[in-house]
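Computed from a predicted model, the values in this text were never measured in an experiment.
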Amino acid sequence: HGYLIVRADDDELSVEASASIAEAARASVTSQALESCEGVSREVVRYVARTHRTVVLDDARIDPVFRGDAHIEHEDVKSVLCMPILNQGRLMAVLYAENNAVTHAFTADRLALLRVIAGQAAISIANAQLYNGLERKVAERTRALSRRNREIAALLNSLEQGIFTIDETLAIEPQYSAHLERLLGTSDIAGRDCLTLLFGDEGSSADGVKTMRTALGFAFGASTAVAEANTCHLVRRLRRTSAEGHPQSFEIDWTLIVDADEVVRQILVTLRDVTLLEELRASAARNARDLDIVGQILEAGLDHFSRFCA
């Protein structure tokens, strides 16, 4: 019977396949640690894995080095072949075979054939491990990316601001903050032209929107310096009427997103509702004017104020 023992990335050896003539030439694919496999001489396997040397025992029972091995003694092993499978000097696996029926079972001709097979097996194992390693890395990157996307989505949805990105066509990309729909009063956002969506119902002149469109168009594909020079044409404050007919005031931030070459590929837009803030400022201004009038009355004196009213 024979075993294929593969070396893992952590240098641990595991039995991955076995075949036995005694069991009607049945082959099986299993995976178990070398230490738990009873069908091999673990001492011989470890020696070959350590030295990268092929071991051929014509009669293992009288071999001066391995005759004391527990497996060889217990199973009365006669012939043993243990060969390293190397790829560019690196141990990929170990091929182990034994014959308990006759001595001198592994002749020079058979050994030469097995060396050819081992060379082909080394390439196949290296390719399989490379493929499995790539699959693991892709799976890990996919999980990390999915986790990162969930974190970004949670962060966006927790902010009470309208946040979205636009591409070179000025279309709003699908990922945007949930609060944006509440600010604009619509869920029809992804894929729409950002300037039309923001300024379509606003009182800005057509020339102003056209200037913004030109400035944004120049920004994409340009260097950071060129793009920033055009941001002075972008509107920072917006007044519009909500779907319910209420006046709204917004502040808009435009943030350039560049690639590794410092070329603008996206623009991040942040929309903040400052309607209440402006109302509070207006109210504070009115209150300040009222307080100023009261102060002037007190400064002039109540008698003068009474005569003025009379």
What pair of heavy atoms forms the shortest contact from [X] to [Y], and how long is it?
{"X": "R42", "Y": "L34", "result": "CD-O, 3.2 Å"}
{"X": "R192", "Y": "D188", "result": "CD-O, 2.8 Å"}
{"X": "V6", "Y": "A93", "result": "CA-CB, 3.9 Å"}
{"X": "V102", "Y": "N99", "result": "N-OD1, 3.2 Å"}
{"X": "F220", "Y": "D167", "result": "CZ-O, 3.0 Å"}
{"X": "P174", "Y": "A190", "result": "CA-CB, 4.0 Å"}

Decide whether [X] and [Y] meet the rule of one side-chain donor and one side-chain acceptor closer than 3.5 Å.
{"X": "E173", "Y": "Q266", "result": "yes"}
{"X": "D69", "Y": "S41", "result": "yes"}
{"X": "Y47", "Y": "E43", "result": "no"}
{"X": "S14", "Y": "E16", "result": "yes"}

With rounding to the nearest 0.5 Å, note down the distance linking [atom1] in [X] to [atom2] in [Y].
{"X": "C194", "Y": "I172", "atom1": "SG", "atom2": "CD1", "result": "6.0 Å"}
{"X": "K210", "Y": "H233", "atom1": "NZ", "atom2": "NE2", "result": "14.0 Å"}
{"X": "T142", "Y": "R147", "atom1": "OG1", "atom2": "CZ", "result": "11.5 Å"}
{"X": "M83", "Y": "F106", "atom1": "CE", "atom2": "CZ", "result": "10.0 Å"}
{"X": "T231", "Y": "L256", "atom1": "OG1", "atom2": "CG", "result": "6.5 Å"}
{"X": "L198", "Y": "I252", "atom1": "CG", "atom2": "CD1", "result": "5.5 Å"}

With side chains defined as the heavy atoms from C-beta onward, is the minimum distance between [X] and [Y] less than 4.5 Å?
{"X": "T255", "Y": "I267", "result": "no"}
{"X": "Y3", "Y": "V45", "result": "no"}
{"X": "T224", "Y": "E228", "result": "yes"}

Kindly work out whether a path of hydrophobic side-chain contacts (I/L/V/M/F/W/Y, heavy atoms less than 4.5 Å apart) joins [X] to [Y].
{"X": "L111", "Y": "I85", "answer": "yes"}
{"X": "L170", "Y": "V258", "answer": "yes"}
{"X": "V263", "Y": "I166", "answer": "no"}
{"X": "V65", "Y": "V40", "answer": "yes"}

Is it the case that the side chain of [X] and the backbone of [Y] share a donor-acceptor pair, with hydrogens and angles ignored and the cut-off at 3.5 Å?
{"X": "S79", "Y": "A105", "answer": "yes"}
{"X": "D59", "Y": "R61", "answer": "yes"}
{"X": "W254", "Y": "R236", "answer": "no"}
{"X": "H1", "Y": "A97", "answer": "no"}
{"X": "S146", "Y": "R143", "answer": "no"}
{"X": "Q248", "Y": "L183", "answer": "yes"}
{"X": "S177", "Y": "I163", "answer": "yes"}
{"X": "E140", "Y": "A144", "answer": "no"}
{"X": "R7", "Y": "R90", "answer": "no"}
{"X": "S249", "Y": "R239", "answer": "no"}

Check this for me, if you would: do [X] and [Y] make a salt bridge, where the nitrogen-to-carboxylate-oxygen distance has to be below 4.0 angstrom?
{"X": "R213", "Y": "D193", "answer": "yes"}
{"X": "K78", "Y": "D76", "answer": "yes"}
{"X": "R46", "Y": "E35", "answer": "yes"}

Practice problem: Any chance you could lay out the side chain to side chain contact (heavy atoms under 4.5 Å, CB included) test for E181 and S187, step after step, and finish with the verdict? | Solution: CA-CA 5 Å; E181 295 183 0; S187 59; 3.8 Å; yes
Quiz item: Would L81 and V55 count as a side chain to side chain contact (heavy atoms under 4.5 Å, CB included) if you check the C-alpha gap in whole Å, the side-chain angles of each, and the deciding distance to 0.1 Å?
Solution: CA-CA 6 Å; L81 167 67; V55 171; over 6 Å; no
Quiz item: Would you call the rings of Y96 and H71 parallel, tilted or perpendicular if under 30° counts as parallel and over 60° as perpendicular?
Solution: perpendicular
Exercise. Apply the test side chain to side chain contact (heavy atoms under 4.5 Å, CB included) to residues L271 and V269: give CA-CA distance (whole Å), side-chain angles for both, the deciding distance (0.1 Å), then the verdict.
Key: CA-CA 7 Å; L271 194 67; V269 184; 5.5 Å; no
Quiz item: With respect to F66, which candidate in V77, V44, V80 satisfies the side chain to side chain contact (heavy atoms under 4.5 Å, CB included) definition?
Solution: V44
Exercise. Please report the C-alpha distance between Q175 and F164 in whole Å, then the side-chain angles of each, then the deciding distance to 0.1 Å, and finally whether the side chain to side chain contact (heavy atoms under 4.5 Å, CB included) criterion is met.
Key: CA-CA 7 Å; Q175 286 188 323; F164 60 92; over 6 Å; no
Practice problem: Kindly write out the residues that satisfy ring pair (Phe, Tyr, Trp, His ring centres under 6.0 Å) with F218, not counting sequence neighbours, or none if the list is empty. | Solution: none
Exercise. Check whether more than 12 heavy atoms from other residues, nucleotides or ligands sit under 6.0 Å from atom CD of Q88, and answer yes or no.
Key: no
